[in-house]
S.K.: 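A single structure is presented below for examination.
These numbers come from the heavy atoms of this one structure, side chains and all, not from hydrogens, waters or symmetry mates. In what follows, chains carry the letters A, B, and so on, assigned in the order in which the sequence lines appear, proteins first and then strands, with residues in each chain numbered from 1.
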Amino acid sequence: MALIETRALGRVYDLDAGRVVALDHVSLDIDEGDFVAVMGPSGSGKSTFMNLIGCLDKPSSGQYRLAGTAVETLDANGLARLRNREIGFVFQQFNLLPRTDALGNVALPMIYAGVDRKARQDRALKALGRVGLADRHHHRPMQLSGGQQQRVAIARALVNSPSLLLADEPTGALDSRTANEILGLFQELNREGVTIVLVTHDADVGRHARRLIRFKDGKVIEDHRQTPLDARDHLGAESAA
Amino acid sequence: MRLLEAIRSAFSAILANALRSLLTMLGIVIGVAAVITMVAIGSGARNLVDWQIRSLGANLAIVTPGNVTQGGARLGAGAASTLTDEDAQAIRREVDGVVAAAPFVQGAAQVVAGGSNWGTRIYGIDLDWFEAREWEVADGRSFDPEELRRGDIVIILGQTVARNLFGEEDPLDKTVRVRNVPFRVIGVMAPKGQSAFGQDQDDVIFVPLDAGRRRVIGRNYAKDGSVGSIFVKFANEQDIEPGIESITHLLRQRHRVVGEQEDDFAIRNLTEIANTASASANTLSILLAAVAAVSLLVGGIGIMNIMLVSVTERTREIGLRLAVGARPRDILSQFLIEATTLSTIGGGLGVALGAGAAYLVAQMAGWPSLVSTNAIVIAVGFSALVGIFFGFYPASRAAKLDPIEALRRE
C-alpha cells in the first residue's frame, strides 16, 4: 500500500525576479516499508519535494496524501499535527537543542503530542537504546561526537513511531566512516519496517537505498529500484583493511 | 501540567543568559520597587492620619481664647481667658451636630505620692472631655456628676503618671498631692500612646473642672467660671464647617463682639489639621507613581527588546520545534511564558527591594510604612501583565516563522 501519493504536485515561488517553478507536476507513490533515495543537484527540486512531503510547505497545485490524509487541505495546526504523528525529521546539522541533554532532545516531539512526563522518559530511553546510545542519555549535544549527535536526532525522529522517516543529507556533516554507520542504522531501521526517504546529492549515499528517484528542473527524470549497497559489508571491508 | 513544564523550560532559558536576564529585569525591578515603596508609604501616611484622628478624637474642633484689645493695646492670643462654662453650654445647646462641648483648663503640676513625685500636665475637665477625645477610664471609674458639680478633690491618672508614681502598685484610693492639695485617685485612663507630635499623651492627670480652676491651676480662671479652651465634637465630618460658623456667630454674640471688631477667640478644625499631614505623603506618592509607571514602561520595552533578540538567536530552535510538531500557538505560548516569567521574577525582586526601601524610609524619616499583601499581589500581577503585553509581539513573531526558513537560518 502506498504511504505517499502525490498527483501532479507543483510548487511555484513568486520571487522579485519572476516565477520560479521549483516542482513541476510530480506524480509518484512511495510504499510503506520502502527505502527511497531522492537525488539531484541543487536547484533540481529535491528540497522542495522534501519540504512538501514533510508537510513543512504547502503545494501550489496538485494533491498529496500521506497515510491517507489529504495534506493540501490542512491548515498550519493540521500540518503540525501531521508532522508530529507521521513524520520524523533528520537534518544535516542535527538540530539538537544545545542546553538540553540527549534524553530531553529525544523527548521533545512527545511534548507536542501531549505525552505525560513519565511516559516521555520511558519512550525516549527506549528510542535511545534503539540507536545504541542508552548509556549517553544525560550527555548534552556538545559532549557527543557528530555521529552520536546524529543518532540522538534519529532517536528523536523515531520516538513518536512515525510512518515516515525523512532525512535531509543526514551524512553531510559526518566523516565517511561515521556516515557509513548512520547509513547502516537506516538500513537496519528499514529492515524493521520503517519507511525512509533520504534526500542527498551524494551518489554513494544514494546507493544504500532500495529505490532511487532523481530530480532535475523540478521533474522526476529517473526512478528505479536497485540492489542496495549494504553498509555492513562496507564496514566489514574497512575494518578488515 | 504543560504550563508547569513550560515555566521550567522558561527558567532554564532565562538562566542560560543569567546576566542578560538580570539586566533586562532591572526596569521591572525598579518599577515594582517604586510601586511597593509608594503604596507602603502612602498607606503608612494614611494610617498615621487615621491614627492621629483616632487618638485626638474624630470630628473635633477646638475653641481657644483669641486677641483681646485693652485700652488700644492688642494682647496676644490666650492672654486673657475669654471663654466660659456658659459658652460651652451654649455651644452644646444651640449648635447643630454638636455631640459634646468640653470646657477645660490646663497647666503644669508636680504630683507627689508618698516618696515619689512626678511633673506632668494637669487638666481640669468635665465629662464631655472624655467623650470628645474618645478616651475611657480603664481602671476604677470616671467622675460622677456630683463630684463635678462640687469640684471634689478626686483625680484620674494617665498610665504614665500611674506607673511613675506607683509602679506595680494599685493606685486606686491612694492619695496624691498636687500643690499640697490631697487628691484621691479614683481611676486610671486607658493608654493612648504618642500624639502626632511625639508627645506622651498618657503623661497627664485629670481633675474636675472646678477643682482644677480653684485649687491648682490658679491664674485668672478662678473668676466667673472662665475656662482655657473648649473641645467641640461633631457627629459627622460634614457638620464641622457649618458648625464652626454657627459657633463663631454664637460666641460673637455672647461676647458682644460687633461689627468690624476682631473675634476674641479662635476656632480650629483639628480633623483638617490631621488631614493636611497626608498631603505631603500624597505628593511623594504621586512622584513615586510616575517613577513606577515610567520604569515599568521602560522595563517592558527592555523585555520586548531582549525577547526579540532571543527569538532571532533561537530561530533554528523554533524551526526544529515546528518541524517536530509544535503548532504556532505552542511557540507563541513558549515565548510569552518566557517573557512573563522574566518580568514576574523581576516583580518579585522589586517587591523585596521595595519592602526594603519602605523599611529604610520608615527608619530614617520616622514615617510609618506598611507593606500590604494586596500591594505585593498587585505589583507581581502587574509585572506579569507587563511581560504578557510586551512579550506578545516577539512571541507572535516567533510563532509566525516559516519552519523551512527557520531551519535554514544559521
S.K.: More than 12 non-hydrogen atoms from neighbouring residues, nucleotides or ligands closer than 6.0 Å to OH on A/Tyr13, yes or no?
M.R.: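 Buried by this count: over 12 neighbours within 6.0 Å.
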S.K.: Quick check on A/Phe94: does its CZ atom have over 12 non-hydrogen neighbours (other residues, nucleotides or ligands) under 6.0 Å away?
M.R.: yes
S.K.: So how far is it from B/Ile404 CD1 to A/Thr48 OG1, rounded to the nearest 0.5 Å?
M.R.: 8.0 Å
S.K.: Side chain from CB out, backbone as N, CA, C, O: work out which of these in B/Leu322 comes under 4.5 Å of a heavy atom of chain A, or both, or neither.
M.R.: both
S.K.: In Å, rounded to the nearest 0.5 Å, how long is the span from CZ of A/Arg81 to CZ of B/Arg327?
M.R.: 9.0 Å
S.K.: B/Arg408 versus A/Gln93: any side-chain heavy-atom pair under 4.5 Å?
M.R.: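 No, too far: nothing below the 4.5 Å cut-off.
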S.K.: Heavy-atom distances under 4.5 Å only: say whether A/Ile111 touches chain B with side chain, backbone, both or neither.
M.R.: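 For A/Ile111, heavy atoms of backbone and side chain both lie under 4.5 Å from chain B.
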S.K.: Taking atom NZ as the centre, does A/Lys219 end up with more than 12 heavy-atom neighbours from other residues, nucleotides or ligands that are less than 6.0 angstrom away?
M.R.: no
S.K.: Are there over 12 heavy-atom neighbours, none belonging to A/His139, within less than 6.0 Å of that residue's NE2?
M.R.: yes
S.K.: State, to 0.1 Å, how close B/Ser12 and A/Arg99 come at their nearest heavy-atom pair, and which atoms those are.
M.R.: O-NE, 4.0 Å
S.K.: Nearest 0.5 angstrom please: A/Leu97 CG to B/Arg314 CZ, how far?
M.R.: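 Atom-to-atom, A/Leu97:CG and B/Arg314:CZ are 9.0 Å apart.
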S.K.: Just by modelled atom types, is the B/Leu320 backbone N or O under 3.5 Å from a matching donor or acceptor in the A/Asn95 side chain?
M.R.: no
S.K.: Show, in sequence, the C-alpha distance, side-chain angles and deciding distance for A/Leu108 and B/Arg321, and conclude whether the side-chain contact (heavy atoms from CB on, under 4.5 Å) test is met.
M.R.: CA-CA 8 Å; A/Leu108 186 66; B/Arg321 286 178 183 270; 3.5 Å; yes
S.K.: Within the structure provided, determine whether B/Val324 and A/Phe89 are in side-chain contact (heavy-atom separation under 4.5 Å).
M.R.: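 In short, these two side chains do not touch, never coming nearer than 4.5 Å.
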S.K.: Between A/Arg85 and chain B, which part of the residue has a heavy atom less than 4.5 Å away: side chain, backbone, both or neither?
M.R.: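 For A/Arg85, neither part sits under 4.5 Å from chain B.
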